Amino acid sequence: MLRRLTLRFERAPGAGEGSGLGLAIVRTIVDRSGGTLTLASPRSGQRDGFEVTVRLPV
């Protein structure tokens, strides 16, 4: 589920307003910069909210 959130127009269930483009744009920038983007639930079994980690090369 979390991996799909980096696709264009994908939104989390129950998400408020938005186009679903934000993380897709971030993923594109990070990929083109040679970095990594990871998404993870902060707590096991949590349905809402997640951690986003962006790592870029120096």
Side-chain angles (χ1 to χ4, degrees):
M1 168 58 190
L2 290 177
R3 185 173 205 177
R4 290 188 58 192
L5 292 178
T6 62
L7 300 176
R8 289 185 301 179
F9 306 112
E10 285 291 330
R11 295 180 17 193
E17 296 181 25
S19 62
L21 290 174
L23 286 175
I25 293 169
V26 170
R27 187 198 67 202
T28 300
I29 293 168
V30 170
D31 286 349
R32 290 181 181 180
S33 300
T36 60
L37 172 72
T38 57
L39 304 174
S41 293
R43 289 184 289 256
S44 178
Q46 182 177 1
R47 292 201 52 150
D48 56 338
F50 51 91
E51 280 181 18
V52 178
T53 304
V54 175
R55 294 183 187 258
L56 296 172
V58 178

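Since this is a predicted model, take the numbers as computed values, not measurements.
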(Q) Within this structure, what is the CZ-CG distance for the pair Arg27 and Leu23, rounded to the nearest 0.5 Å? (A) 9.5 Å
**Q.** For Ser33, all residues meeting side chain to side chain contact (heavy atoms under 4.5 Å, CB included), sequence neighbours excluded
**A.** Ile29, Leu56
Q: Identify, with sequence neighbours excluded, every residue that meets side chain to side chain contact (heavy atoms under 4.5 Å, CB included) alongside Val26.
A: Val30, Leu37, Val54
